[in-house]
Amino acid sequence: MVTRREFLDTLAVGAAGLAVSSTAKSYAQIVGANDRLNFAVIGLNSRAYAHLSSLKANKAEARIAYVCDVESNILAKFAGKAEEAMGEKPTAVKDFREVLAKKDVDAITIATPDHWHAPMAILGLEAGKNVYVEKPCSHNPGEGALLVKAQQKYGKLVQMGTQQRSSAHTIEIVDKIHNGLIGRAYYAKAWYSNTRKSIGYGKPAPVPATLDWDLWQGPAPRQQYRDNVQPYNWHWFRVWGTGETLNNGTHEIDVCRWALGVDYPQRVTAAGGRYAYKDDWQFYDTLTTSLDYEDKLISWECKCCNNMLFYGRDRGSAIMGETGSVVVDRGGYEVYDLKGKKVDEKKAAAQESSADLVGADSMTDAHFANFIAGIKKGEKLNAPIAVGNVSVTSMQLANIAWFVNRELKTDPKDAHILNDAEAMKYWDREYEKGWAPHL
């Protein structure tokens with residue numbers, strides 16, 4: 001396909017024959033690119049299909065020009081699905097650095113493993129791209145702080161994939177809470193339940209011919225390939241993943257912070273373990289954590305190997321105040337009085353299960369629409385990185401509290417851990433030589 005830049009350059013030298021020789025469809029794509037944003041989708045397993053679905057929903061404003069993944073079979077499959085969905089064939093690329101070098105790319109979306117999120121986003125900003133990055137926006141708090149600074153330095157937009165920030169019913173109920181629906185809101189409980197199975201004990205194995213294992217690892221210290229890591233179980237290894245706290249807890253904690261109007265906590269506790277199975281899983285399957293503020297509290301409970309529901313939901317947030325409570329999730333909200341009697345409710349059009357690893361939905365469509373409008377029209381982002389990073393860092397502090405097995409006292413201005421040098425070592429990480437993110 002002829003790029004927009006190539007087309008304009010050709011026009012400049014008067015080579016009008018190009019337009020004549022092109023098919024009507026390709027010509028329409030070239031001209032349409034002047035009005036639509038060129039996206040590159042990077043990291044093409046599971047969640048990337050939600051990016052595809054939402055870009056399709058917003059195809060009047062955006063097109064997928066490039067798709068990128070280090071695993072050739074995953075890349076080929078997604079490229080085919082993207083062509084089918086968008087009506088245009090994207091350019092398939094293995095190395096994301098090739099994408100960043102393309103002048104016609106307006107925005108990148110990042111759905112890679114967690115250890116890539118912040119380093120890739122920072123490189124994207126440096127290359128002049130707007131960035132949509134899935135949660136968590138970083139692997140550790142130091143990266144998140146650096147990403148916020150990078151966005152401020154380069155001036156491009158960064159939207160974090162906490163899509164409930166663009167949910168119409170959630171925006172509505174949070175606004176009602178802020179306007180006194182349940183009096184002063186002071187406590188929020190969030191939870192996540194699932195029936196994840198054991199990942200077993202992996203064995204060293206030859207790297208599949210389809211996978212560039214070195215590029216997959218990128219900024220992470222090098223590990224021998226094992227047969228129980230890719231394409232999903234990396235979540236449960238600390239060198240690449242961040243556990244269920246950041247994998248799913250970020251979403252509901254973000255809603256809780258939003259509803260209570262709080263930023264960084266001043267005290268963090270976490271207790272739990274790997275109880276359901278014995279295997280290579282390096283995080284907890286069961287965890288209770290609390291974020292304590294001066295006069296408010298948020299708690300989050302993880303049961304990712306037992307799907308016992310709270311309030312009839314496998315995930316959600318309960319916001320409690322002086323005169324009542326609100327339970328809100330991706331399917332709607334309910335309002336209760338002080339005695340627990342339901343007094344109001346609103347249901348969204350569709351429900352979503354915590355077992356769904358893709359999560360394509362109208363909220364994500366709206367979140368992408370907001371990101372696109374931010375780039376094209378200056379619309380205020382619903383989840384700008386400076387806001388999203390607060391939720392991510394808060395939950396990373398919960399992980400650190402679990403790592404060191406004690407309460408953390410933290411500075412509510414910047415989330416730094418106070419008077420605990422051992423815990424503060426987890427603020428950053430070790431990087432593979434040459435891959436450390438920097439400004």
Side-chain angles (χ1 to χ4, degrees), residues 50 53-54 57-58 135 159-194 248-262 296-301 303 307-356 358-374 379-384 387-388 391:
S53 178
S54 291
N58 289 282
K135 54 77 225 161
Q159 176 101 301
M160 193 174 84
T162 40
Q163 64 269 20
Q164 203 165 341
R165 286 269 180 168
S166 293
S167 156
H169 72 263
T170 307
I171 293 170
E172 176 184 295
I173 195 60
V174 169
D175 183 64
K176 288 182 177 180
I177 291 170
H178 289 171
N179 282 284
L181 177 66
I182 54 174
R184 187 179 68 87
Y186 57 82
Y187 173 54
K189 174 183 174 60
W191 64 93
Y192 178 82
S193 304
N194 206 339
N248 276 295
T250 306
H251 286 292
E252 277 70 39
I253 287 295
D254 189 61
V255 172
C256 292
R257 279 203 321 102
W258 183 17
L260 293 189
V262 294
K296 296 177 183 179
L297 177 68
I298 296 175
S299 67
W300 181 73
E301 184 167 339
K303 301 184 285 64
N307 200 25
M308 183 68 181
L309 306 182
F310 290 133
Y311 301 97
R313 296 163 165 83
D314 53 18
R315 66 187 307 162
S317 306
I319 317 298
M320 304 176 194
E322 297 168 315
T323 62
S325 302
V326 167
V327 176
V328 57
D329 67 1
R330 300 174 179 195
Y333 65 77
E334 297 171 352
V335 183
Y336 295 85
D337 65 17
L338 277 178
K339 295 183 179 180
K341 178 183 177 183
K342 187 191 298 184
V343 295
D344 194 13
E345 68 178 326
K346 184 170 188 175
K347 294 187 180 298
Q351 304 293 312
E352 184 179 286
S353 167
S354 64
D356 179 5
V358 174
D361 52 32
S362 60
M363 287 186 296
T364 306
D365 295 349
H367 212 42
F368 267 82
N370 171 240
F371 178 53
I372 292 166
E379 183 175 298
K380 183 180 178 181
L381 294 186
N382 291 335
V387 173
S391 296

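Nothing fancy with the numbering, it's 1 onward along the sequence.
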- line: Sorted by chain and residue number, the side-chain hydrogen bond (donor to acceptor under 3.5 Å, both in side chains) partners of K189 (sequence neighbours excluded) come out as E301
message: Are Q163 and H251 packed together at the side-chain level, in the sense that at least one heavy-atom pair is separated by less than 4.5 angstrom?
response: yes
message: With a 4.0 Å cut-off on N to O distance, would you call E252 and R313 a salt bridge?
response: no
query: What distance separates M160 CE from T250 OG1, expressed to the nearest 0.5 Å?
result: 6.0 Å
field: Worked verdict on W258 versus H178 for side chain to side chain contact (heavy atoms under 4.5 Å, CB included)
entry: CA-CA 9 Å; W258 183 17; H178 289 171; 4.2 Å; yes
field: Nearest-0.5 Å distance, SG of residue C256 to OH of residue Y187
entry: 9.0 Å
- prompt: Are the side chain of E334 and the backbone N or O of E345 linked by a donor-acceptor pair below 3.5 Å?
  reply: no
Point-to-point distance, once rounded to the nearest 0.5 Å, from OG1 of T170 to NZ of K346: 10.0 Å
message: Can you give me the closest heavy-atom contact between S54 and D361, atom names plus distance?
response: OG-O, 4.4 Å
Atom of L338, atom of G321 and distance for their closest heavy-atom approach: CD2-O, 4.1 Å
query: What distance separates I253 CD1 from W300 CH2, expressed to the nearest 0.5 Å?
result: 8.0 Å
field: Smallest separation among heavy atoms of H367 and S166, with atom names
entry: ND1-OG, 2.6 Å
task: Applying side chain to side chain contact (heavy atoms under 4.5 Å, CB included) between I319 and each of L260, I173, I298, report the one that passes.
output: L260
field: Nearest heavy atoms of E322 and Y186, plus distance in Å
entry: N-CE2, 3.7 Å
- prompt: So V327 and S325, side chain to side chain contact (heavy atoms under 4.5 Å, CB included) or not? Walk me through it.
  reply: CA-CA 7 Å; V327 176; S325 302; 5.8 Å; no
query: Side chains of D365 and S362: do they bring a donor and an acceptor to under 3.5 Å?
result: no
query: Of all heavy-atom pairs between D337 and K339, which one has the smallest distance, and what is that distance?
result: OD1-N, 2.9 Å
query: Does any pair with a residue in residues 311-330 pass ring-ring contact (aromatic ring centres under 6.0 Å, His included), and if so which ones, sequence neighbours excluded?
result: W191-Y311
query: For the residue pair V335 and L181, what are the closest heavy atoms and their distance?
result: CG2-CD2, 4.1 Å
- prompt: Is S193 reaching over with its side chain to a backbone N or O of M308, donor-acceptor style, under 3.5 angstrom?
  reply: yes
- request: Drop me the distance from M320's CE to I177's CD1, to the nearest 0.5 angstrom.
  value: 11.5 Å
task: Check the pair R165, L381 against side chain to side chain contact (heavy atoms under 4.5 Å, CB included), reporting the backbone distance first and the verdict last.
output: CA-CA 9 Å; R165 286 269 180 168; L381 294 186; over 6 Å; no
- request: To the nearest 0.5 angstrom, please state how far the NZ atom of K296 sits from the CZ atom of R257.
  value: 12.0 Å
task: Would you please test N370 and E379 for side chain to side chain contact (heavy atoms under 4.5 Å, CB included) and show each step?
output: CA-CA 7 Å; N370 171 240; E379 183 175 298; 2.9 Å; yes
